Novice: 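Below: one structure in structure tokens.
Counting starts at 1 for both ligands and their atoms, in listed order. If you're wondering where the values come from, they're calculated on a predicted model, not measured in any experiment.
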Amino acid sequence: MATKESSGDPMEKLVALCKRRGFIFQGSEIYGGLAGTWDYGPLGALLNENIKKYWRHTFLDTREDTYLLDASIMMHPQVWKASGHTEGFTDPLVEDKVTHKRYRADHLLEEQGVDVHDLSLEEMGKKMAELKMKSPEGNPLTEPKIFNLLVEAGIGAVEGAKEKVYLRGEITQGVQVNFKNVVDAFHPKLPFGIAQIGKAFRNEIVPGNFLFRVREFEQMELQYYITPEIEEGGRQYEYWKGVSMHWYQGLGISAERLRFRQHEAHERAHYAKDAWDIEYHTPFGWKEAWGIHHRGDWDLARHQEHSGVPMTYTTDSGEKILPWIIETSGGLGRALLFTMLDAYHEDEIGGEKRVVLRFKPSIAPIKVAVFPLLKNKPELVAKARSVYEALKKEIPETLWDDNGNIGKRYRRQDEIGTPFCITVDFDTLENNSVTVRERDSGAQERVALAELSFYVQEKIRHS
Ligand code: GAP
């Protein structure tokens with residue numbers, strides 16, 4: 001059976017595969033790249049879409065109590081003042097005095113085995129001096145200072161008089177500032193949720209580990225509005241933790257590589273009363289994949305205070321209350337990265353080594369590839385084209401491939417995780433059946449053309 005991988009850095013191999021096969025490219029690559037940005041190529045974009053579709057299915061399409069929203073990326077600076085981000089959305093920064101490269105002080109200390117929990121900025125500075133810490137290049141470092149992660153932009157047509165705005169640091173605030181609008185338009189009963197998928201921006205001091213820590217990324221979030229009575233005994237919080245973990249496993253990721261971890265008080269974001277992460281076991285350790293946060297009435301109370309607009313909800317008994325919020329929030333890029341890391345295998349099939357992405361068929365960017373057995377037999381090619389065209393109408397993620405021999409085509413499809421390969425051969429011309437080859441086992445089955453689409457779709461549905 002499969003080995004997870006042979007020697008070599010699994011992240012480097014994945015980055016190389018992503019570029020070679022058109023999943024993901026470095027942002028602005030031809031100009032030397034822009035740190036913390038990645039562009040999704042044709043297969044990466046399809047994979048993203050499938051993950052988003054699956055998220056919408058769980059958090060929106062199969063529920064009666066959630067609403068979709070799509071808010072602006074640029075938001076009024078007051079939003080971020082009210083939400084606490086201009087003050088609290090910070091990391092401790094140090095700079096190499098020679099190269100001017102910047103680092104996270106807490107990360108450098110952690111690498112030295114220092115427990116940074118509960119250390120203030122000054123204490124971090126003292127500890128670094130005590131340990132005579134140098135930058136990774138061996139140069140002296142500046143004192144740690146607070147660095148805000150919000151990304152600024154200027155808007156307005158008059159040069160020099162541009163208005164400062166922030167690109168949203170979390171998509172959440174677009175939902176919170178529209179809470180009243182949704183309530184007034186739809187009169188939902190509590191509990192209910194507002195779901196959103198969209199880009200967020202963070203000026204991360206040290207982006208890295210491929211898609212893991214970037215400066216521009218997409219988030220998928222549900223803000224679920226409740227009352228203390230509805231939450232009694234932590235019911236909703238536990239429920240949303242369960243739904244989120246179940247969703248993550250549903251990406252096809254092995255359960256033993258996922259776990260929950262509760263934040264200690266000092267780690268919690270400024271808005272959170274309680275916070276749990278779903279973590280994935282990456283080649284660089286257990287890392288945050290997803291966050292489930294109890295935000296209490298922090299956001300609505302703060303926006304009410306700062307805007308002067310009441311953010312209250314009127315209950316059936318006429319009482320005006322500020323609901324509590326449970327949020328479940330995850331990065332799309334991290335979901336894609338962890339899905340790919342988990343799917344990546346090197347094994348042997350029919351005595352030949354291969355790289356295979358064992359995507360769950362419903363998540364795979366390409367579902368089916370159709371080949372003619374031989375490229376130089378017009379009658380085979382014509383038949384195979386007709387099979388391909390018919391299938392593509394039913395399953396849009398169907399691909400045509402007639403390059404190289406069959407073995408090479410299988411290897412190519414394995415490497416991008418295509419679950420089913422269909423070969424049209426001379427028997428097809430006789431009896432209208434084709435060979436369907438399954439990616440992981442390599443098992444082949446003869447299927448009648450009349451049943452082909454149903455056969456493949458059922459396999460995808462039950463994956
Ligand atoms: N609204 C809550 C919120 O934004 P968060 O824990 O800061 O909470 C939620 O972010 C998720 O967004 C994380 O679990 C992670 O998946 C993703 N995320 C956060 N920062 C990221 C970054 N710099 N690069 C990639 N993904 C990131």
Novice: Can you list everything that forms a salt bridge (Lys or Arg N to Asp or Glu O under 4.0 Å) with R63? Sequence neighbours excluded, please.
Specialist: D65

Novice: Find all atoms of ligand 1 within a distance of less than 4.0 Å from any non-hydrogen atom belonging to R213, and give their numbers and elements.
Specialist: 23 (N), 24 (N)

Novice: Please work out whether the ring planes of W55 and F59 are parallel, tilted or perpendicular, with thresholds of 30° and 60°.
Specialist: parallel

Novice: State which residue, out of R412, Q413, K367, R409, fulfils the side chain to side chain donor-acceptor pair (under 3.5 Å) condition with T418.
Specialist: Q413

Novice: What's the spacing between H107 NE2 and D91 CG if we round to 0.5 Å?
Specialist: 7.0 Å

Novice: Report yes or no: does A289 have a heavy atom closer than 4.0 Å to ligand 1?
Specialist: yes

Novice: Would you kindly say whether Q78 and S307 are connected by a side-chain donor-acceptor distance under 3.5 Å?
Specialist: no

Novice: Who's the nearest protein heavy-atom neighbour of atom 25 (C) of ligand 1, and how far?
Specialist: F212 O, 3.1 Å

Novice: Looking at ligand 1, does any of its N/O atoms fall within less than 3.5 Å of an N/O of E221?
Specialist: yes

Novice: Over 60° means perpendicular and under 30° means parallel, so classify the ring planes of W276 and F260, tilted if in between.
Specialist: perpendicular

Novice: Would you mind running through ligand 1 and noting each atom that sits below 4.0 Å from a heavy atom of R295?
Specialist: 1 (N), 2 (C)

Novice: With atom 14 (O) of ligand 1 as the reference point, say which of M220, E288, E218 has the nearest heavy atom.
Specialist: E288

Novice: Ignoring hydrogens and angles, state whether a donor on the side chain of Q176 or Q223 is under 3.5 Å from an acceptor on the partner side chain.
Specialist: yes

Novice: Considering only protein heavy atoms, which is closest to atom 15 (C) of ligand 1, and at what distance to one decimal place?
Specialist: R334 NH1, 3.6 Å

Novice: Indicate yes or no: does an N/O atom of E327 lie under 3.5 Å from an N/O atom of ligand 1?
Specialist: yes

Novice: Compute the minimum heavy-atom distance from Y271 to ligand 1 and say whether it is under 4.0 Å.
Specialist: yes

Novice: Could you check atom 12 (O) of ligand 1 against the protein and tell me its nearest heavy-atom contact, residue, atom and distance included?
Specialist: Q219 NE2, 3.2 Å

Novice: Would you say S254 and D342 are linked by a side-chain donor-acceptor pair, where the criterion is simply a distance under 3.5 Å?
Specialist: yes

Novice: At a 4.0 Å threshold, what atoms of ligand 1 neighbour a non-hydrogen atom of W290?
Specialist: 14 (O)

Novice: Students should be able to answer this: which protein heavy-atom is nearest to atom 20 (N) of ligand 1, and at what distance?
Specialist: R202 NH1, 3.3 Å

Novice: Just checking K101: does its NZ atom have more than 12 heavy atoms from other residues, nucleotides or ligands closer to it than 6.0 angstrom?
Specialist: no

Novice: Per the salt bridge (Lys or Arg N to Asp or Glu O under 4.0 Å) rule, which among K52, R334, K199 passes with E218?
Specialist: K52

Novice: Which residue owns the protein heavy atom closest to atom 18 (N) of ligand 1, what's the atom, and how far is it?
Specialist: F217 CE1, 3.5 Å

Novice: Just which atoms of ligand 1 are under 4.0 Å from any heavy atom in E170?
Specialist: 1 (N), 2 (C), 3 (C), 4 (O)

Novice: Among all protein non-hydrogen atoms, which one is nearest to atom 9 (C) of ligand 1, and what is the separation to 0.1 Å?
Specialist: S329 OG, 3.2 Å

Novice: Near E204, which atoms of ligand 1 are under 4.0 Å from a heavy atom of that residue?
Specialist: 22 (C), 23 (N)

Novice: Are V175 and E327 packed together at the side-chain level, in the sense that at least one heavy-atom pair is separated by less than 4.5 angstrom?
Specialist: no

Novice: Could you tell me which atoms of ligand 1, counted from 1 in the order shown, lie closer than 4.0 angstrom to a heavy atom of G291?
Specialist: 14 (O)

Novice: Work out whether the distance between some heavy atom of H293 and some atom of ligand 1 is less than 4.0 Å.
Specialist: yes

Novice: Consider only side-chain N and O atoms of H303 and Q173, and report whether a donor and an acceptor are under 3.5 Å apart.
Specialist: yes

Novice: Can you tell which part of V214 has a heavy atom less than 4.0 Å from ligand 1: side chain, backbone, both or neither?
Specialist: both

